[in-house]
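Here's the structure we're looking at; comments come further down.
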Amino acid sequence: MLPRLHTQTDIHPTVQVFLQQLEANGFSGDIETQYSSRLAVATDNSVYQKLPQAVVHPRTTQDVQLIGELANQDKFSSVTFSPRGGGTGTNGQSLTSGVVVDLSRHMNKVLEINEDEGWVRVQTGIVKDALNDAVRPHGYFFSPDLSTSNRATLGGMVNTDASGQGSLKYGKTSDHVLSLQAVFADGSLLESDGSGAAVPSGSFAERALAVSKNVCQSQRTLIDEKFPPLNRFLTGYDLKNAYQPDSDDFDFTRILCGAEGSLAFITEAKLNLTPIPKARTLINVKYNSFDSALRNAPFMVEANALSVETVDSRVLNLAKQDIVWHTVSDLISEVPGKEMQGLNMVEYAGQDEQEVARAVKALTDSLDEKLKTEQDGIIGYQITNDVASIGRIYNMRKKAVGLLGAVKGSAKPIAFAEDTCVPPENLADFIAEFRVLLDGHNLNYGMFGHVDAGVLHVRPALDMCDPNQEALMHQISDEVVALVAKYGGLMWGSTVRASALSTDLSFLVTSCLTSYAELSLRAILSIK
């Protein structure tokens with residue numbers, strides 16, 4: 001339900017004074033308090049809703065510093081802030097009852113492209129697809145490939161350490177961040193690679209460097225024990241990869257990536273780029289069951305594929321009911337006399353066309369042998385080399401996921417236990433038990449994801465207007481957390497409660513958050 005109509009009279013007097021003072025101090029961006037602007041950012045891609053007091057749109061890094069400097073005054077200690085990008089988060093990360101700071105309206109420029117060295121410097125309000133449009137003429141792209149790339153901002157990607165298709169080879173956002181420009185809650189500025197002006201003595205920026213390195217050093221044994229060796233990382237402080245004990249190297253950029261704005265505003269980013277592949281081939285492998293597709297995924301990874309994406313029959317059937325299927329029906333045709341219950345989309349890409357062709361032939365030769373007896377549940381495959389056709393197939397997958405939310409009835413697929421990551425060799429057993437869990441609650445759901453990295457997105461259908469269903473969401477969330485831990489994985493982007501964490505890990509997270517709460521004071525991100 002939407003909140004009742006609010007007028008400006010419901011804005012706290014302290015916030016009103018803060019906004020007036022901010023404008024008087026030379027803030028050059030936009031300050032909006034009208035209900036329509038506030039309502040527009042009261043929701044994101046989660047099940048949550050919070051109506052903010054105001055929305056501000058900075059034009060420059062100096063504007064962001066003004067916010068921090070003013071908020072650091074004692075009289076404004078009750079004012080809280082939350083940075084916002086494209087609002088694609090599934091856990092309400094950008095929502096606040098305080099002040100939303102949206103960098104996407106004005107701070108969305110490409111500042112510099114270095115074609116020779118293969119890097120780009122951007123303002124973090126830029127959308128991922130817009131960045132790729134800018135660097136494509138130079139033969140590059142920013143490789144973490146999100147399904148939300150047409151609306152996700154680089155600031156959001158950095159703050160959630162976003163990943164996606166092809167992550168096994170391309171990695172996640174933090175693997176491509178060379179440096180960040182960060183503004184702390186007192187307005188102090190830091191260039192995470194050490195360049196630029198010296199960090200002011202006694203500032204939050206200086207203390208952040210010292211405290212985070214100390215935590216990484218003093219808690220190293222516990223960090224190594226608790227975080228599994230996966231190529232994905234849960235949202236939060238990347239304590240595992242920020243510090244290298246052997247060399248005593250500390251990379252504060254890794255701490256900022258995934259911190260969800262809880263340490264600082266990220267205003268600029270220097271990113272390395274990936275050369276656009278000269279050859280691409282997509283093989284759509286069809287299965288008689290979704291379980292077969294999951295269990296066959298490690299074989300595809302061993303075949304040196306760039307990425308292996310999977311969808312279940314529910315997602316496929318939704319796509320078939322939409323006009324989007326007409327664009328791909330000849331590329332993913334039905335198998336006569338067989339029912340396609342699962343699909344693995346296996347892509348090969350690279351600079352060497354002959355090398356890609358050899359890898360594709362090796363896989364298809366193996367598939368031909370398996371097809372003779374339907375070994376591994378394989379009932380057919382199709383090859384696509386045309387870049388435009390490959391794009392249509394991936395667009396179908398992205399749109400089909402959106403169609404999950406358009407099903408009829410009051411129960412809608414909810415992204416509350418969406419992001420799980422387990423070792424790929426454990427994925428099929430994990431999903432089998434996950435399905436037993438959901439089936440035990442008589443829930444409908446769709447599954448899709450990046451099986452090459454052990455990541456599967458699951459959206460159970462719940463009626464969030466029903467208090468019992470809301471309570472069930474929390475129960476299932478805790479059960480999924482325990483299940484992910486059982487199979488040696490990680491979970492993020494969900495409604496996980498602290499009680500679901502182990503005692504040791506809770507202590508570690510709490511100790512780190514306590515240290516950073518001291519640094520952030522009012523907390524750049526309002527977490528209720």
Side-chain angles (χ1 to χ4, degrees), residues 1-12 14-16 18-19 22-23 27-60 63-64 66-68 70-71 76 78-108 123-128 130 146 148-160 162 183 185 235 259-262 264-267 402 405 414-416 464 493 495 522-528:
M1 294 178 62
L2 296 177
R4 63 180 177 82
L5 182 64
H6 289 69
T7 64
Q8 291 194 39
T9 58
D10 75 307
I11 299 176
H12 195 280
T14 302
V15 174
Q16 293 186 24
F18 173 85
L19 297 175
L22 183 65
E23 186 173 23
F27 184 80
S28 65
D30 305 327
I31 300 173
E32 299 179 349
T33 57
Q34 60 267 37
Y35 178 73
S36 57
S37 295
R38 296 158 61 196
L39 183 62
V41 295
T43 58
D44 59 4
N45 199 32
S46 72
V47 297
Y48 307 109
Q49 185 173 54
K50 274 182 175 291
L51 185 70
Q53 296 273 297
V55 189
V56 296
H57 302 271
R59 290 183 184 273
T60 65
D63 278 344
V64 180
L66 279 176
I67 294 172
L70 185 60
F76 296 126
S78 63
V79 182
T80 58
F81 306 88
S82 178
R84 184 181 176 97
T88 61
T90 59
N91 196 32
Q93 299 99 316
S94 65
L95 306 182
T96 179
S97 55
V99 177
V100 169
V101 181
D102 187 347
L103 294 139
S104 64
R105 177 178 293 180
H106 300 301
M107 298 183 66
N108 54 17
Q123 294 176 311
T124 54
I126 191 170
V127 170
K128 161 76 156 69
L146 315 182
T148 56
S149 61
N150 64 350
R151 53 199 185 279
T153 65
L154 261 294
M157 291 181 66
V158 168
N159 274 296
T160 58
V183 177
T235 300
E260 295 191 332
S262 61
F265 288 113
I266 310 299
T267 55
I414 304 296
F416 70 93
M464 295 308 294
T495 55
R522 261 75 64 199
I524 290 295
L525 177 64
S526 175
I527 302 177
K528 296 294 186 286

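Numbering starts at 1 and runs along the sequence shown.
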[X] side chain to [Y] backbone, donor-acceptor under 3.5 Å:
X      : Y      : result
Asn159 : Gly261 : yes
Thr43  : Gln49  : no
Thr153 : Gly156 : yes
Thr124 : Ile266 : yes
Arg151 : Gly86  : no

Could you pull out the closest heavy-atom pair between [X] and [Y], with the gap in Å?
X      : Y      : result
Leu146 : Ala162 : CD2-CB, 3.8 Å
Phe27  : Pro58  : CZ-CA, 3.7 Å
Glu32  : Ser37  : OE1-OG, 2.8 Å
Ser28  : Asp63  : OG-OD2, 2.7 Å
Asp30  : Arg105 : OD2-NH1, 3.0 Å
Ser94  : Asp44  : OG-OD2, 3.8 Å

- Apply side chain to side chain contact (heavy atoms under 4.5 Å, CB included) to the pair Val100 and Thr96, showing each step before the final yes or no. CA-CA 7 Å; Val100 169; Thr96 179; 3.7 Å; yes
- Heavy-atom side-chain contact between Leu103 and Val64 under 4.5 Å: yes
- Message: Just by distance, no angles: are the side chains of Thr88 and Asn45 close enough, under 3.5 Å, to form a donor-acceptor pair?
- Response: no
As an exercise, state the distance from [atom1] of [X] to [atom2] of [Y], rounded to the nearest 0.5 Å.
X      : Y      : atom1 : atom2 : answer
His12  : Ser78  : NE2   : OG    : 5.5 Å
Arg38  : Leu51  : CZ    : CG    : 4.5 Å
Ile67  : Phe76  : CD1   : CZ    : 12.5 Å
Leu22  : Ile31  : CG    : CD1   : 4.5 Å
Leu95  : Arg84  : CG    : CZ    : 6.5 Å
Ile126 : Met107 : CD1   : CE    : 12.0 Å

- Item | Option from Ile11, Val55, Val15 for which side chain to side chain contact (heavy atoms under 4.5 Å, CB included) with Val99 holds | Val15
